Amino acid sequence: MTNARTDCAPAFYDCYLFDFDYTLADSSKGITGCFHRTMKAFGLPPVEDAVIERTIGLPMREAVERITGLRGDERVESFLSHYRALADRYMTANTHFYPEALPTLQALRARGAKIAIISSKTSYRIREAFVRDDAEPLVDFIIGCAEVTELKPSPEGIRLALSRFGLSPADTLYTGDSTTDAAAARNAGVAFFGVAHGVTSAEELAAYPHEAIGDTLETVLSLERRGPQK
């Protein structure tokens with residue numbers, strides 16, 4: 001499916017892919033809380049929230065290693081097991097969509113767009129937030145860490161989504177908040193919109209090919225099909 005331009009009508013994308021944490025929703029309170037509780041249980045020294053927040057969006061194993069200094073599969077997996085049990089209790093309750101997130105998805109749906117989420121988070125945890133807010137119909141599917149063999153910046157998740165939709169990179173805009181998201185979009189050959197909701201600056205995002213960098217998701221509603229990358 002392609003959007004045919006007639007007269008001066010805008011040619012929008014057919015497919016909109018989104019990261020989740022710091023893009024559609026802020027789960028930092030849940031993530032930092034679970035890290036602090038787990039580190040205390042393991043007798044590890046406390047760290048500032050900002051240290052944890054800087055790792056949001058990374059694969060969990062990498063985040064744990066950076067934050068705690070733990071090494072070795074057994075030690076890291078033990079930490080992750082304790083963290084996941086806490087996340088079952090605290091994460092979704094402390095995850096909140098940005099005010100413009102669901103209205104933006106609703107507007108894209110009204111336009112007939114395909115919508116999916118590509119995240120390094122577990123897909124079931126993301127789904128919990130959509131179920132809680134009665135927003136499941138706004139997303140066709142979620143590709144999380146369990147659905148791929150390589151996490152972002154690998155293009156695997158984006159390419160899997162395009163394969164499911166039967167669409168091409170030219171049909172697609174990927175929105176994310178981090179340089180990892182920007183690199184994944186570049187590696188998949190899709191257009192990228194950087195939303196500066198998180199801890200990555202607009203300047204850092206702008207170092208990668210992009211259609212636009214902004215501070216609100218509503219920008220995606222006005223972006224037309226890509227021209228030459230900046």
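Not measured: the values here are computed from a predicted model.
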Self-check item: Within 6.0 angstrom of Arg111 CZ, more than 12 heavy atoms from elsewhere
Solution: yes
Exercise. Considering only NZ, NE, NH1 and NH2 on the basic side and carboxylate oxygens on the acidic side, decide whether Asp19 and Lys152 come within less than 4.0 Å.
Key: yes
Quiz item: Shortest non-hydrogen contact from Arg71 to Glu65?
Solution: NH1-O, 3.1 Å
Practice problem: Determine whether Phe18 and Val199 fall in the same hydrophobic cluster, where Ile, Leu, Val, Met, Phe, Trp and Tyr are linked whenever their side-chain heavy atoms lie under 4.5 Å apart. | Solution: no
Quiz item: Are any of the side-chain nitrogens in Lys114 or Asp14 under 4.0 Å away from the carboxylate oxygens of its partner?
Solution: no
Quiz item: Does the pair Glu147 and Phe141 meet the rule for a side-chain contact (heavy atoms from CB on, under 4.5 Å), with working shown?
Solution: CA-CA 11 Å; Glu147 285 73 40; Phe141 53 81; over 6 Å; no
Quiz item: Heavy atoms, side chains only, cut-off 4.5 Å: are Ser119 and Ile126 in contact?
Solution: yes
Quiz item: Hey, are Arg84 and Glu77 close enough for a salt bridge, meaning a charged N less than 4.0 Å from a carboxylate O?
Solution: yes
Quiz prompt | Within-4.5 Å side-chain heavy-atom neighbours: Asp73 and Arg61 | solution = yes
Quiz item: Sub-3.5 Å donor-acceptor pair from the side chain of Arg109 to the main-chain atoms of Pro137, do we have one?
Solution: yes
Practice problem: Would you mind reporting whether Arg37 and Arg89 have side-chain heavy atoms less than 4.5 Å apart? | Solution: no
Self-check item: Student check: side-chain heavy atoms of Leu205 and His210 closer than 4.5 Å
Solution: no
Quiz item: Any donor-acceptor pair under 3.5 Å linking the side chain of Tyr16 with the backbone of Tyr174?
Solution: no
Quiz item: Do Val139 and Arg127 touch side chain to side chain, with heavy atoms closer than 4.5 Å?
Solution: no
Quiz item: Considering residues, nucleotides and ligands other than Asp215, do more than 12 of their heavy atoms fall under 6.0 Å from its CG?
Solution: no
Practice problem: State, to 0.1 Å, how close Phe97 and Ala129 come at their nearest heavy-atom pair, and which atoms those are. | Solution: CE1-O, 3.6 Å
Practice problem: State the OG1-CZ distance between Thr95 and Phe20, to the nearest 0.5 angstrom. | Solution: 6.0 Å
Quiz item: Taking all non-hydrogen atoms of both residues, which atom of Phe193 and which atom of Ala212 are closest, and how far apart?
Solution: CD1-O, 3.2 Å
Quiz item: Would Thr104 and Glu218 satisfy side-chain contact (heavy atoms from CB on, under 4.5 Å), going step by step from the backbone distance to the final call?
Solution: CA-CA 6 Å; Thr104 296; Glu218 293 171 340; 3.7 Å; yes
Self-check item: From Ile31 atom CD1 to Ile52 atom CD1, the distance as rounded to the nearest 0.5 Å
Solution: 9.5 Å
Quiz item: Is there a donor-acceptor pair under 3.5 Å between the side chain of Thr179 and the backbone N or O of Ala182?
Solution: no
Practice problem: Nearest 0.5 Å please: distance from the CG atom of Asp171 over to the CG atom of Leu162. | Solution: 8.0 Å
Self-check item: Check ion pair Arg159-Glu156 (N to O, under 4.0 angstrom)
Solution: no
Self-check item: Main-chain N/O of Asp177 paired to Thr23 side chain as donor or acceptor, under 3.5 Å
Solution: yes
Self-check item: Heavy-atom pair with the smallest gap, counting every atom of Arg132 and Thr92
Solution: NH1-O, 2.6 Å
Quiz item: In Å, rounded to the nearest 0.5 Å, how long is the span from CG of Leu223 to OG1 of Thr175?
Solution: 7.5 Å
Quiz item: Do Met60 and Leu86 belong together in a cluster built from hydrophobic side chains that touch within less than 4.5 Å?
Solution: no
Quiz item: Are Tyr22 and Leu17 co-members of a hydrophobic cluster defined by side-chain heavy atoms under 4.5 Å apart?
Solution: no
Practice problem: For residues Ala185 and Ala191, report the shortest heavy-atom separation together with the two atoms involved. | Solution: CB-O, 4.4 Å
Quiz item: Considering only heavy atoms from C-beta outward, does the side chain of Ser178 approach that of Asp181 to under 4.5 Å?
Solution: yes
Practice problem: State the CD-CG distance between Glu100 and Leu105, to the nearest 0.5 angstrom. | Solution: 10.0 Å
Quiz item: Does the pair Arg66/Glu62 count as a salt bridge with the N-to-O cut at 4.0 Å?
Solution: yes
Quiz item: Is it true that a side-chain atom of Asp49 and a backbone atom of Thr32 form a donor plus acceptor pair closer than 3.5 Å?
Solution: no
Exercise. Please test Phe12 against Glu224 for side-chain contact (heavy atoms from CB on, under 4.5 Å), starting from the C-alpha separation and ending with a verdict.
Key: CA-CA 5 Å; Phe12 295 122; Glu224 298 183 39; 4.2 Å; yes
Quiz item: Between Val148 and Ile143, is any pair of side-chain heavy atoms under 4.5 Å apart?
Solution: yes
Quiz prompt | Shared hydrophobic cluster for Leu80 and Leu151 (ILVMFWY, side-chain gaps under 4.5 Å) | solution = no
Quiz item: Can you name the closest pair of heavy atoms from Met91 and Cys34 and give their distance?
Solution: CE-SG, 4.1 Å
Quiz item: After noting the C-alpha distance and the side-chain angles of Val64 and Tyr83, does the key distance pass the side-chain contact (heavy atoms from CB on, under 4.5 Å) rule?
Solution: CA-CA 10 Å; Val64 169; Tyr83 177 98; over 6 Å; no
Quiz item: How about Leu102 and Leu138: do any of their side-chain heavy atoms sit closer than 4.5 Å?
Solution: yes
Quiz prompt | Atom pair CD/OG of Glu53 and Ser27 - distance to nearest 0.5 Å | solution = 10.0 Å
Quiz item: If only atom types and distance count, is the side chain of Ser201 paired as donor or acceptor with the main-chain N or O of Glu204 below 3.5 Å?
Solution: yes
Exercise. Test Phe35 against Phe79 for ring-ring contact (aromatic ring centres under 6.0 Å, His included), laying out the working first.
Key: CA-CA 9 Å; Phe35 260 106; Phe79 186 99; 5.8 Å; yes
Quiz prompt | Shared hydrophobic cluster for Tyr98 and Ile118 (ILVMFWY, side-chain gaps under 4.5 Å) | solution = no
